[in-house]
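Here the structure is laid out as structure tokens; the discussion comes afterwards.
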Number of protein chains: 2
Amino acid sequence: MRSAVTLADIASHAGVSKMTVSKVVNKQPGISEATRQRVLQAIEDLGYTANASARALAGGRTNTLGVVVPSIGPQYISEVVRGADLTAYDAGLDLLISTTQEDTIHERQNVGRLTRGLVDGLLMVLPRSLDRYAEALQQARVPVVVVASADSAVPFPLVDADHYHGARLAVSHLLELGHQRIGFIAGRRETSASLERLRGYREGLLTAGLPFDPGLVRPGEYTQPGGFAAARALLDLPQPPTAIFAANDLSAFGAMEAIKDRGLRVPDDLSVIGFDDIPHAGQVHPALTTIRQPLVEMGTAGTRMLLNLLHGGLPVTERLVLPTELVVRASTGPPPAT
Amino acid sequence: MRSAVTLADIASHAGVSKMTVSKVVNKQPGISEATRQRVLQAIEDLGYTANASARALAGGRTNTLGVVVPSIGPQYISEVVRGADLTAYDAGLDLLISTTQEDTIHERQNVGRLTRGLVDGLLMVLPRSLDRYAEALQQARVPVVVVASADSAVPFPLVDADHYHGARLAVSHLLELGHQRIGFIAGRRETSASLERLRGYREGLLTAGLPFDPGLVRPGEYTQPGGFAAARALLDLPQPPTAIFAANDLSAFGAMEAIKDRGLRVPDDLSVIGFDDIPHAGQVHPALTTIRQPLVEMGTAGTRMLLNLLHGGLPVTERLVLPTELVVRASTGPPPAT
DNA sequence: TTGAAAGCGCTAACAA
DNA sequence: TTGTTAGCGCTTTCAA
């Protein structure tokens, strides 16, 4: 760990002032080509990289965006982050990801620390509620955009997908195939997305003149085992459904397993439709019909809003609701002829 | 975005010097309780959070560790990062994650930037080769630890799992169940882990006096569709195997689907064993028998090595190879009676 | 127990 | 086209 090469080192090595080096490094105009080359050579010779902290302190900018996520495991989240990364990179900004591991203290500290000297803007990717961050975010001195949380109490620009219409699309698709008895595997109660999807399911049925039967709704907790158990329960019904709408892809996978496990076939005996369209959805067998949330786009859109805010644009509150769409693959078909 | 509250603001608000505030914030001794309370009150009143950049610049430390990953999607990676996060947090350090999106320029820049003023140490979680980072890492002025890459040319402390013995365990398990014809779904050729697993498979067979039949080895690329296709090919063999060993869990999932798709049952007709033990492995149906890589532990161990390095310990090169172990679940059983 | 001075490495604003 | 002067907000060192 030899001690770091600084601007001053480059300056004296190249026989110029620090300022000149700074201008070269930052690609500012007003430097003769000859000097520029000499400085670049010195940088090359000594192996110089600017110190990010010093830069941030002096310049007031970090050229970095922060992304706060509960954890980095779920494909859902990683897709959004990928979108954010692409956009930030295109704009010449770096992206730093911070996980909270769902720990409250961790959450508060993270936000405070990031927004004080580490990042120029913050993207909160939080399927759950924002309550726990409210205070920390109020004090944030950088722009904040919230992605994937329709928490209506939030005083920040927001990007979310249209969960309600997505659910309606799913139900319509199954109805059009001829299904009359459709089970629903619900998500997590505390997320607004989950409630919206349930509402879409319910109203989709009612609009079609079909009854809403609470017995056909089972909790799946957005997990694969949850979906497995829920589907089992639905199959055990005296009059089981001919199609299952799962509130997310993961629980749809579980449902498909439960169905196959009973010796039934998807979609011949039972149709399954999911929600999210995570990359896995196209890779299972049969490939999952699902409602696509534009996850990557949510990341890019949120980041673009953040960039606007950084450049002084946009009102403080804006809600961008991106459309969801039906992606028909192989897991849905007509109900079996009775 | 009102302008930030600084140490000086707190100092004047509390009627003390900046130094006193700094000591209170950093929990240093030598401050009377009365003063301490007054300062804390001022901090509370004004809502102060220290500026990370200023701190890093003045103190020479950031109290932050960096983690570089190719992308954050794979469960494999997120498990390692989770381990790192836990350990860093316990040590009172923060963790910042940076993705390279497999982009070479991005990779080089990231490392340089992080190690110059943003983090005190770097954990590289890279299943692929480190070649592309070699130069940037040479110039790193902070300790570096590499996780999940057995790239032997790397002059850094290293944490990896024992892929070879894991593969031996998998083969032994199948042999003990009575299988004689075992297919192998290979991983990605460019990773040393993949080669080690193949070697374990091969030598496991040879040691048992069984022939190594290249026709029983199919590429799976570590992906679910890859595993699906590979298993199909194996099933199409004139004399198909009675068990399949997949180089990772994802391709094992694909294999299970292919088998069920043929109307065969796992494990009654065919056994499947994976590698990694990602959280999903226990959630599919039947639950996957697999070789557990201690992913979280790899993250914690790597981070602990980094912490040691930070405190001036350890030699520059150390290789920690953590043991793998067999996790028997429901996807393996005796071969069908002929 | 408290505080003053100096400076970390850089950039903004201005001057030459 | 280049350089000088300040100072970002904090911690270190040393003195009171």
Side-chain angles (χ1 to χ4, degrees), chain A residues 1-40 42-43 46-64 112-113 115-118 120 141-142, chain B residues 1-40 42-43 46-64 112-113 115-118 120 141-142:
Chain A
M1 241 65 60
R2 65 208 145 154
S3 103
V5 177
T6 70
L7 247 204
D9 297 331
I10 302 298
S12 70
H13 190 84
V16 297
S17 77
K18 291 197 297 174
M19 213 39 237
T20 304
V21 179
S22 173
K23 280 180 184 156
V24 170
V25 169
N26 294 296
K27 298 187 182 21
Q28 285 173 24
I31 299 288
S32 74
E33 186 54 27
T35 317
R36 224 176 65 81
Q37 287 307 332
R38 205 143 38 86
V39 170
L40 289 176
I43 289 175
L46 273 55
Y48 168 76
T49 307
N51 180 307
S53 291
R55 251 184 175 166
L57 190 55
R61 280 170 299 97
T62 63
N63 284 318
T64 302
R113 189 179 59 105
T115 58
R116 297 276 298 131
L118 240 33
D120 295 336
R141 276 160 191 94
V142 300
Chain B
M1 239 68 56
R2 64 208 146 152
S3 104
V5 178
T6 69
L7 247 203
D9 298 332
I10 302 298
S12 71
H13 190 86
V16 297
S17 75
K18 293 198 294 174
M19 210 39 240
T20 304
V21 179
S22 174
K23 280 179 184 158
V24 171
V25 169
N26 294 296
K27 298 184 179 29
Q28 283 173 24
I31 299 289
S32 73
E33 187 53 27
T35 316
R36 223 176 66 82
Q37 288 307 332
R38 203 141 39 85
V39 171
L40 289 176
I43 289 175
L46 273 55
Y48 168 76
T49 308
N51 180 307
S53 291
R55 248 185 176 166
L57 189 57
R61 281 170 299 97
T62 63
N63 284 317
T64 302
R113 188 180 59 105
T115 58
R116 297 277 298 129
L118 240 33
D120 295 337
R141 278 164 190 89
V142 301

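Computed from a prediction, not measured in an experiment: that's the story for all the values here. Keep in mind that the numbers below use all heavy atoms, side chains included, and drop hydrogens, waters and symmetry copies. The chains referred to below are lettered A, B, ... by the order of the sequence lines, with proteins before strands, and numbering in each begins at 1.
A straight line from CZ of A/R55 to P of C/dC8 spans 18 Å, rounded to a whole angstrom. Rounding to whole angstrom units, CG of residue A/D9 and C1' of C/dC8 are separated by 13 Å. Regarding B/L7, its CG atom lies at a distance of 13 Å from the C1' atom of D/dC8, rounded to whole Å. In this structure, the CG atom of B/L57 is 13 Å from the C1' atom of D/dT12, given to the nearest Å. D/dC8 atom P lies 19 Å from atom CG of A/D120, rounded to whole Å. One interatomic measurement links the two molecules: CZ of A/R113 to C1' of D/dC10, which rounds to 16 Å at whole-angstrom precision.
For the OP1/OP2 pair of C/dT11 and a distance below 4.0 Å, the side-chain nitrogens and oxygens of A/N26 include at least one atom meeting the criterion. When the side-chain nitrogen and oxygen atoms of A/S22 are compared with OP1 and OP2 of C/dC10, none of them lie within a distance under 4.0 Å. Applying the 4.0 Å criterion to OP1 and OP2 of C/dG3, one finds that B/S17 has a side-chain N or O inside that range. At least one side-chain nitrogen or oxygen of A/T20 sits closer than 4.0 Å to the OP1 or OP2 atom of D/dG3. Within the structure, every side-chain polar atom (N or O) of A/R38 is placed at least 4.0 Å from both OP1 and OP2 of D/dT1.
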Inset, instruction - Please lay out, stage by stage, how B/D120 and B/T62 fare under the test side chain to side chain contact (heavy atoms under 4.5 Å, CB included). - result: CA-CA 6 Å; B/D120 295 337; B/T62 63; 2.9 Å; yes

Legend entry - Trace of the side chain to side chain contact (heavy atoms under 4.5 Å, CB included) decision for A/I31 with A/T20: CA-CA 7 Å; A/I31 299 288; A/T20 304; 3.8 Å; yes

Legend entry - Verdict with reasoning, A/R141 to A/T115, per side chain to side chain contact (heavy atoms under 4.5 Å, CB included): CA-CA 6 Å; A/R141 276 160 191 94; A/T115 58; 5.8 Å; no

Legend entry - Criterion side chain to side chain contact (heavy atoms under 4.5 Å, CB included) on B/R38 and B/T35, from CA distance to verdict: CA-CA 5 Å; B/R38 203 141 39 85; B/T35 316; 4.1 Å; yes

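Using a 4.0 Å cut-off on heavy atoms, the residues of residues 28-37 of chain B that approach DNA chain C are B/G30, B/I31, B/S32, B/T35, listed by number.
Between the NZ atom in B/K23 and the CE atom in B/M19 there is a gap of 5.0 Å [rounded to 0.5 Å]. With rounding to the nearest 0.5 Å, the separation of CG in B/D9 from CD1 in B/I43 is 11.5 Å. Expressed to the nearest 0.5 Å, how far CZ of B/R55 lies from CZ of A/R116 amounts to 10.5 Å.
When B/N63, B/T64, B/T49, B/N51 are each tested for a side-chain hydrogen bond (donor to acceptor under 3.5 Å, both in side chains) with A/R113, only one passes: B/T64.
Within the nucleic acid shown, B/A56 has no heavy atom closer than 4.0 Å to any nucleic acid atom.
Toward the 5' end of DNA chain D, the nearer of the two residues A/V16 and B/N51, judged by each one's closest nucleotide, is A/V16. With DNA chain D read from its 5' end, the first of the two nearest nucleotides for A/K23 and A/K18 is the one closest to A/K23. Comparing B/A58 and A/M19, the nucleotide of DNA chain C nearest to each residue sits closer to the 5' end for B/A58.
A/L57 places none of its side-chain heavy atoms less than 4.5 Å from the side chain of A/S53.
For A/A42 against A/A14, the heavy-atom pair with the smallest separation is CB-CB, 3.9 Å.
Each end of the helix from C/dT1-D/dA16 to C/dA16-D/dT1 yields a helix axis from five base pairs, and these two axes differ in direction by 30° (to the nearest 10 degrees).
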